[in-house]
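In what follows, every chain begins at residue 1, and chains take the letters A, B, ... in the order their sequences are listed. Since we're looking at a predicted model, the values are computed, not measured.
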4 protein chains.
Amino acid sequence: MTRARLRDLGIIIGQHPTGPHNALTDVPGVLVGHSTIIRDEPRIARTGVTVIVPREGHIWTDHAFAGFHSFNGNGEMTGVHWIAESGVLSSPIALTNTGQVGTAHEALTIYGHEKGFTDTWALPVVAETYDGWLNDMPAFHVKHEHVFEALEHARSGPVAEGCVGSGTGMICHDFKGGIGTASRVVNVASGAFTVGALVQANHGDRELFRVDGVPVGREIDHTRVPLPWGRQPPLGSIIVIITTDAPLLPTQCNRLAQRATVGLARVGSVGHNGSGDLFLAFATGNHIPGRSHEAQVALSMLPHHHLNDFFEAVAECVEEAIINSIVAAETTTGLRGNTAYALPLDELKRVWEKYRG
Amino acid sequence: MTRARLRDLGIIIGQHPTGPHNALTDVPGVLVGHSTIIRDEPRIARTGVTVIVPREGHIWTDHAFAGFHSFNGNGEMTGVHWIAESGVLSSPIALTNTGQVGTAHEALTIYGHEKGFTDTWALPVVAETYDGWLNDMPAFHVKHEHVFEALEHARSGPVAEGCVGSGTGMICHDFKGGIGTASRVVNVASGAFTVGALVQANHGDRELFRVDGVPVGREIDHTRVPLPWGRQPPLGSIIVIITTDAPLLPTQCNRLAQRATVGLARVGSVGHNGSGDLFLAFATGNHIPGRSHEAQVALSMLPHHHLNDFFEAVAECVEEAIINSIVAAETTTGLRGNTAYALPLDELKRVWEKYRG
Amino acid sequence: MTRARLRDLGIIIGQHPTGPHNALTDVPGVLVGHSTIIRDEPRIARTGVTVIVPREGHIWTDHAFAGFHSFNGNGEMTGVHWIAESGVLSSPIALTNTGQVGTAHEALTIYGHEKGFTDTWALPVVAETYDGWLNDMPAFHVKHEHVFEALEHARSGPVAEGCVGSGTGMICHDFKGGIGTASRVVNVASGAFTVGALVQANHGDRELFRVDGVPVGREIDHTRVPLPWGRQPPLGSIIVIITTDAPLLPTQCNRLAQRATVGLARVGSVGHNGSGDLFLAFATGNHIPGRSHEAQVALSMLPHHHLNDFFEAVAECVEEAIINSIVAAETTTGLRGNTAYALPLDELKRVWEKYRG
Amino acid sequence: MTRARLRDLGIIIGQHPTGPHNALTDVPGVLVGHSTIIRDEPRIARTGVTVIVPREGHIWTDHAFAGFHSFNGNGEMTGVHWIAESGVLSSPIALTNTGQVGTAHEALTIYGHEKGFTDTWALPVVAETYDGWLNDMPAFHVKHEHVFEALEHARSGPVAEGCVGSGTGMICHDFKGGIGTASRVVNVASGAFTVGALVQANHGDRELFRVDGVPVGREIDHTRVPLPWGRQPPLGSIIVIITTDAPLLPTQCNRLAQRATVGLARVGSVGHNGSGDLFLAFATGNHIPGRSHEAQVALSMLPHHHLNDFFEAVAECVEEAIINSIVAAETTTGLRGNTAYALPLDELKRVWEKYRG
């Protein structure tokens, strides 16, 4: 479903090199799975589920350090009280639409239980953004089976972007949006590591939309690419999941999570009131065992001053992932004939040439 | 289902007078509803749902200020990112067991939508504690209908305590626990107000259990009142909901929420690692309109130094509510024949007499 | 000492109009004062004090609501525990160098006491950034008298920028930096208000420096405008003070404070590890009396959804204030002959023309 | 100056054994130093400085993990933005009176610089409580030399309590208070560790004062032991410093810091509005090098579920330390002839016998 990626257009963001797939999955063991629900009968569905599965699924018993940041808390991400308290992530992460946080939460709980994980009553992370302008959200299209499907199909390697999984019904900077991802490789004295980001991008005004500082949004003629009228004021949101294989502590994960703000700001977000801009970062470099473990846990930590490159990498990944979500997404018509228009790639190239040619 | 309340035994906690029902519902417009699920076939159910409905249900459109505190974040309470951001509560509150946060979340979402509230996609508050020692939690007994039932039956006036609603399967300080409530009337120069607390009490060690400082727990013979063996280390938690009709600001609600800690500590909690000790406070004295409102909102605020009496009232309410949950609850046998024993009231009186007679 | 302001060069940032002086002081009653210390004997001084005085000095008894955000906590801002607890600002704000937080704190305490304010032991707000590359910081040049001088000279109207007051020894994005300010006028249905920002800008890498998205930093030849070699890795920081005359609540001030991040990010900050990026926002539209007040306090509040324009205004103000701090500052030589070079204005214009001409 | 310690009276609090000195200094390498200022001419001084020096002073270069909690933020503790960001403590801690935070801050800065520590511009931790009812605070009695003296005299072994150092002018639960300390030894599967607490106790109402649950305060005749009339409403505060030699992470230190609340609550605090109840916990079991370090840092971490005993130990230490501050302190007359009366030890024993004899 991916039309293109930003780099396909010859536009390079940032100074750091990407990982092999320029995706969250470049961090070893991190899998992404989608379940996409598109149908017109009996009620219109433009929705889905996307899951992020750390440690190839062993996260239920082999926990990872994590941190959280809320840039604007008009949204839901469950499971973060324990992350704030303990610094530990112990479940896969599910993303879906606003009305079905409960459904996905229940499905993750059942899934963990059926897999026989002893810590199954751990507190799963489920986050959401609103797709009710294109998707008939009160039809509650997402069922447990969609979450299970996304989990079962979670893979390493390239990640589908745009109108896929939980990104199916999303709108970003008044263009069709959805799922986007990117990665960066960071070299510091304490080692070489990968940083990845995945976004469910459903936020922002067109007027403020920028690509590497170029004011693309205001250069796109509204008569050629109509705005999603009637959707104002923006109810959208963005969920950002960041990961790295570096051995970071929870406090360091918090720091990475907050840096997603920089990526958002570069693309043109100001964290509008109606936006749930919630960011989670986890680091797989340390292994935290579950409750039966009785010995001290040996850990490693990067010196804090080595995080500068990670901060830049997070900013670049999030910036590029948001733009990728737009570049990938196709024009979509849904509920009540509402149409969210894709950003025309030739228009993007035209504006880019004008400012950077 | 309520055996007794602490005051029935002649034991008075604190210095402030109670409201007419010594319950959360003494705050005008605040309703409490239970749906209790007890059955043995086909799988054992000792669970349920309890709802707190502010403003007689108009909270969906006539919001209240609120605040949150996590004393120990090993638990779930949804909806708090927006409360932290905006200070606003805009939905009823549902309490249930750990495995069914999703179910209750979905049910509240559906309920709001079907009632036609324009802000129906608001982010509902659902909290949980674990009842899997008595209740066959993986049977997922709680259905949407139980949440709807609790909402429809929500009432002012006396509140059933102990083994009722979401308290059905709870264990507190190694005695049978559950729902408890209490209230206080506060007189300050800026007015007379009511403070109420409701707890879902499922936490604590018997050894540390105290009533007004009297070390009751360690005076109870384990051979006479067996411990819930095999439940250790404690997985339990406590959810505290505090409310007042005073015109408090969100920051002031945060302050009230944190004071629940004092009530817990007096009864013997130290916030054990496995405990999700999450506190929400809301104040109905100010009215915050929903999204269609375009004018400045007139508010009132108590001077901060008038909160001292509120802080004492919260401590007293929470302390008494926890003890009420134990005093009310009946011995309960559930999953795998596990039995959680009620605190014998004659034993409580005996120990009280010994120390305070 | 101000060379120029960004708008003098014909470069306009953002969509919102400025206030009359495009300065923090456009918010009625907010005064700014500087005390600049420049001397070479007996030890080299390139430092000073800048104060922000809300309510023309009556802030000691006529408090304002305020909020705080830490984008990167490698710095000091005192007085924020009480702001976090109560939402109330009750003292002027002093900015100085890292080594003299104590000096300024003591001076503010003495000043308040001598003025006879009953709440004089309130907890003053003092913040800092590091000027030790140009200033002989261990000489502790700042004395109480400099703080008093800045307080006595605090004025409304135009604000001196660049190498003045606490900005004297600052370096920003590897150019000479210092104090900068800007303002915006916001029109929402609930009224017309002014938003202002003042920064003490001492952070950032040149490579990342941008003006309205134009990558100015990487276009400046290092041989023509040398970097402050030996200062790496950056130890710098940025303090941001935001104010508005709107009647915002403390939670809303927190939201404004966090939006400073957007302004930083637009100019090229990623919140480097060594940077203390601390933001305070206060709103003068409500009046909170001191301790002797015994009645309810009448307040007003803007609807949360009216904050969108404020968020954009904060982003624009902070972005322009940072650039103003650079555009205003003159090349400065200080300790050990270290020289921080001003951004040549013709170079800035050249790069701007190249990208936006 | 110590009259007695609680255990001297045969009153044992809690279940865990103490360390050899029942003091903060039982944690290896943690030193405590006092500088006491008592004089009547030319102006009345009842004040001082107390310092806590981790790692026998090497903390400037061999950092420790730390965490912070604010139970009621009406007070000052500097240096915590960086602790919140990085989890790292890198300076000694100084306690003094409210008016001289600046003085102590400056002195610590100078001291570190003169000792030649490369990270000398680290952000020192200085905290305060108000002694202006006994001490002529506007005389600013504390000078740099008092801070230096406390640092130079910092020792391991027994710690003087009561009217000493920064505790000289303090009032606790309406009795004379001051410095108090206690420790506990914790045995968990991952090792045996010491937990210590030191308090500067200047808070609380007499009516609420309890010793192990016994309501001592309300049993003390006001005509026999007068209240500090005119000091109402309470302006007092309590600073708590907690330490352990366990290898805890920053998140775990946060958890310990919050547990100080339990100790306060047991003794009768509700966190009054005027009270700055600020808690810092640091753990010496891990070593975090300063900025020149370029390799990964090897760490150890206790499993989170081993913290239960630490939580109980913190509660017990803080509870006993507060009571020790009262039991140790002597009746003190100061400014304007104001007298803060010591709790008569025979009265304490009398009440104890009545309830627990």
Side-chain angles (χ1 to χ4, degrees), chain A residues 14-15 69-74 188 205 207-216 218 232-235 251-252 254-256 258-275 277 302-316 318-319 354-357, chain C residues 14-15 69-74 188 205 207-216 218 232-235 251-252 254-256 258-275 277 302-316 318-319 354-357:
Chain A
Q15 311 174 74
H69 184 73
S70 170
F71 175 43
N72 194 55
N74 204 336
V188 290
D205 278 352
E207 193 68 19
L208 296 172
F209 177 63
R210 291 183 177 228
V211 174
D212 194 29
V214 172
V216 172
R218 67 189 194 216
Q232 304 296 335
L235 296 177
T251 45
Q252 296 178 317
N254 288 340
R255 306 182 79 186
L256 261 58
Q258 183 163 187
R259 266 61 187 186
T261 314
V262 178
L264 264 77
R266 288 180 179 176
V267 185
S269 167
V270 297
H272 282 115
N273 175 67
S275 199
D277 300 341
L302 298 199
H304 274 302
H305 60 284
H306 287 190
L307 294 190
N308 282 337
D309 285 343
F310 287 80
F311 294 166
E312 294 179 6
V314 167
E316 293 183 9
V318 172
E319 183 182 10
K354 174 179 169 185
Y355 283 85
R356 294 287 168 85
Chain C
Q15 311 174 73
H69 184 74
S70 170
F71 175 44
N72 194 55
N74 204 336
V188 291
D205 278 352
E207 192 68 18
L208 297 172
F209 177 64
R210 291 183 177 229
V211 174
D212 194 29
V214 172
V216 172
R218 67 189 194 214
Q232 304 295 335
L235 295 179
T251 45
Q252 296 178 316
N254 287 339
R255 304 181 81 186
L256 261 58
Q258 181 162 189
R259 266 61 186 185
T261 314
V262 177
L264 266 76
R266 288 180 179 176
V267 186
S269 168
V270 297
H272 282 116
N273 174 66
S275 199
D277 300 343
L302 296 200
H304 274 303
H305 61 284
H306 287 191
L307 294 189
N308 283 336
D309 284 344
F310 287 79
F311 295 166
E312 294 178 6
V314 168
E316 292 183 10
V318 172
E319 183 182 9
K354 173 178 169 184
Y355 282 85
R356 294 286 169 87

inquiry  = Using the rule given for side-chain contact (heavy atoms from CB on, under 4.5 Å), can you reason through A:Gln258 versus C:Asn72, listing the C-alpha separation, both sets of side-chain angles and the distance that settles it, and then say yes or no?
reply    = CA-CA 9 Å; A:Gln258 183 163 187; C:Asn72 194 55; over 6 Å; no
inquiry  = Side chains of C:Leu208 and A:Glu312, heavy atoms from C-beta outward: is any pair under 4.5 Å?
reply    = yes
message = Please check: side-chain N/O of C:Arg266 versus main-chain N/O of A:Ala265, any donor-acceptor pairing under 3.5 Å?
response = no
ask   = Considering only heavy atoms, which portion of C:His69 lies under 4.5 Å from any heavy atom of chain A: side chain, backbone, both, or neither?
value = side chain
request  = Give the member of A:Arg259, A:His304, A:His306 that has the highest number of heavy-atom pairs under 4.5 Å with chain C.
outcome  = A:Arg259
task = Please step through side-chain contact (heavy atoms from CB on, under 4.5 Å) for the pair A:Gln15 and C:Glu207, ending with a clear verdict.
result = CA-CA 10 Å; A:Gln15 311 174 74; C:Glu207 192 68 18; 3.4 Å; yes
ask   = Looking at A:Ser269 and C:Val262, what are the two nearest heavy atoms and their distance?
value = O-CG1, 3.6 Å
C:Arg255 NZ/CZ over A:Phe71 ring centroid, <6.0 Å and within 45° of normal = no
request  = Taking A:Arg210 for its side chain and C:Asp212 for its backbone only, find out whether a donor-acceptor pair lies under 3.5 Å.
outcome  = yes
request  = Kindly say whether C:Asn273 contributes a backbone atom to a donor-acceptor pair with the side chain of A:Asn308 at under 3.5 angstrom?
outcome  = yes
ask   = Side chain, backbone, both or neither: which part of A:Leu264 has a heavy atom under 4.5 Å from chain C?
value = neither
